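This one's a predicted model, so the numbers in the text were calculated from it and none came from an experiment. Numbers restart at 1 for each chain; the letters A, B, ... are given by sequence-line order, proteins then strands.
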Number of protein chains: 2
Amino acid sequence: MTMTRPVFPTPDHDHGRCAADAIAHAEQVCRNRAQKLTPIRRAVLEALLSSHRPLGAYEVIDQLAAERARPAPITVYRALEFLMANGLVHRIESRNAYLACAHHHDAASMVAFLICERCGSVGEIVAGPATQSLNDAARRTGFAPKLSVVEITGTCAHCQA
Amino acid sequence: MTMTRPVFPTPDHDHGRCAADAIAHAEQVCRNRAQKLTPIRRAVLEALLSSHRPLGAYEVIDQLAAERARPAPITVYRALEFLMANGLVHRIESRNAYLACAHHHDAASMVAFLICERCGSVGEIVAGPATQSLNDAARRTGFAPKLSVVEITGTCAHCQA
DNA sequence: GCTTTTATGCTGCAATGCAACAAAAATATT
DNA sequence: AATATTTTTGTTGCATTGCAGCATAAAAGC
Ligand SMILES: [Zn+2]
Ligand SMILES: [Zn+2]
Ligand SMILES: [Zn+2]
Ligand SMILES: [Zn+2]
């Protein structure tokens with residue numbers, strides 16, 4: 001399921017719906033793949049879904065600490081690893097931070113992230129022709145691309161106004 | 001000066017020449033911009049130029065320690081910051097590592113990195129149409145791109161053979 | 001029930017990166 | 001030249017990110 005629509009979250013969207021959808025999708029994915037969305041994993045995902053801003057691992061810990069016993073770092077890292085392996089969370093390399101995926105694309109598809117430096121929100125462009133042509137350019141040099149990190153920092157449409 | 005030629009370093013190229021060129025270029029750049037290529041800064045650049053593999057900051061420290069008094073981490077980080085500000089070194093975000101630029105492009109130009117997971121070498125595609133179309137795709141969503149991180153992991157032409 | 005697998009907890013630590021202040025060196029000014 | 005100013009380097013210490021190794025608990029398979 002590769003969606004091509006580029007999405008930057010608008011400030012006025014129904015984020016409750018947005019987050020609920022993502023949780024439902026996560027449950028679906030785990031069912032399908034015979035994986036377990038345990039309480040901790042779900043809590044980490046929910047923490048990340050509280051906004052469209054990427055959170056550092058220790059920010060996630062702080063958020064969880066508000067509602068339950070403060071988890072050890074390794075606990076959160078393990079949950080993040082699980083969520084990433086199942087395509088539910090992305091790592092933003094240029095920020096050492098983690099972002100809940102608001103789309104329903106499979107784990108392997110190529111994604112470009114748009115990071116707004118004013119509001120901190122992150123949008124995704126999934127499997128667009130631009131990301132494709134990038135891979136093609138690499139291939140033309142004889143390089144066999146496998147995994148891409150594409151992170152574009154700038155200002156989102158809303159923050160320019 | 002934006003070169004379009006995509007380059008992945010071949011295993012048989014004259015790397016001595018390659019590194020000497022880069023040093024000469026660095027001296028030129030610093031002269032032009034009235035910046036000082038001090039001994040430490042030069043030594044850090046030379047360490048990075050010892051290969052086309054990105055080095056972690058602490059790997060740089062280890063290399064320098066072989067020839068002079070072991071520098072403190074902050075010393076190396078400051079030199080790296082200087083070299084990056086002047087477009088002589090790139091940071092590879094997905095590796096927390098630093099790469100000497102083997103091209104002569106200005107600091108602001110858009111670059112895509114090709115990272116071979118077998119030999120560790122990194123090539124650069126400078127200001128190609130693919131990177132351009134990526135920015136365009138972002139702009140089409142109303143996003144104003146400013147700085148891009150494009151890092152493609154895979155296997156280089158030589159390592160496939 | 002018992003075994004095997006999977007997930008969590010706990011302790012400790014490695015790797016990356018930088019802040020704050022002091023000393024030294026280079027540049028500019030009188 | 002002597003002094004003031006700016007730039008660079010040294011030193012100490014610490015914050016942040018991330019994970020290894022082993023023990024315990026829970027779940028799944030037999
Ligand atoms: Zn939302
Ligand atoms: Zn996504
Ligand atoms: Zn070379
Ligand atoms: Zn470069």
Which residue lies more 5' along DNA chain C, comparing B:Lys36 with A:Arg41 via nearest heavy atoms:
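Looking at DNA chain C, the more 5' nearest nucleotide goes with A:Arg41.
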I'd like to know if B:Arg91 and B:Glu93 make a salt bridge, using a cut-off of under 4.0 Å between side-chain N and carboxylate O.
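Salt bridge: yes.
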Please identify which of these residues, A:Leu99, A:Ile152, A:Val150, meets the side-chain contact (heavy atoms from CB on, under 4.5 Å) condition with A:Phe113.
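Testing A:Phe113 for a side-chain contact (heavy atoms from CB on, under 4.5 Å) against A:Leu99, A:Ile152, A:Val150 leaves exactly one candidate, A:Leu99.
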Report yes if the side chains of B:Tyr98 and B:Met84 come closer than 4.5 Å at any heavy-atom pair, otherwise no.
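Of all side-chain heavy-atom pairs linking B:Met84 with B:Tyr98, at least one is under 4.5 Å.
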Both B:Ala72 and B:Gln35 contact DNA chain D. Which one's nearest nucleotide lies toward the 5' end?
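Its nucleotide being nearer the 5' end, the pick is B:Gln35.
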How many whole angstroms separate atom CD1 of A:Ile61 from atom C1' of C:dG9?
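One finds 13 Å between C1' of C:dG9 and CD1 of A:Ile61, rounded.
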Take the protein atom CG of B:Asp62 and the nucleotide atom P of C:dA14, then report the distance between them rounded to whole Å.
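Those two atoms, CG and P, are 15 Å apart.
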Do B:His25 and B:His103 have ring centres separated by under 6.0 Å?
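When the ring centroids of B:His25 and B:His103 are compared, they turn out to be at least 6.0 Å apart.
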Could you pull out all donor-acceptor pairs under 3.5 Å where a side-chain atom in residues 34-43 of chain B meets a protein atom, sequence neighbours excluded?
{"from": "B:Arg41", "atom 1": "NH1", "to": "B:Lys36", "atom 2": "O", "distance (Å)": "2.7"}
{"from": "B:Arg42", "atom 1": "NH1", "to": "B:Glu27", "atom 2": "OE2", "distance (Å)": "3.4"}
{"from": "B:Arg42", "atom 1": "NH2", "to": "B:Glu27", "atom 2": "OE2", "distance (Å)": "2.3"}

B:Pro54 versus B:Val122, closest heavy-atom pair with distance
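Looks like CD-CG2, 3.5 Å.
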Touch class at under 4.0 angstrom, heavy-atom based, for A:Arg70 against every strand present:
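No contact at all - A:Arg70 keeps every heavy atom at 4.0 Å or more from the nucleic acid.
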Heavy atoms of chain B, cut-off under 4.0 Å: which first and last nucleotide of DNA chain D, 5' to 3', fall inside that, if you could look?
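The protein-touched segment is D:dT7 to D:dT11.
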Do A:Thr153 and A:Glu117 have side-chain atoms, one donor and one acceptor, less than 3.5 Å apart?
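A:Glu117 and A:Thr153 do not have a side-chain donor-acceptor pair below 3.5 Å.
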How does each nucleotide of nucleotides 17-23 of chain C score, in 5' to 3' order, for protein heavy atoms under 4.0 Å: base (B), sugar-phosphate only (S), or none (-)?
BB-----
Is the ring pair B:His105/B:His90 parallel, tilted or perpendicular, if the boundaries are 30 and 60 degrees?
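Plane angle under 30°, so parallel.
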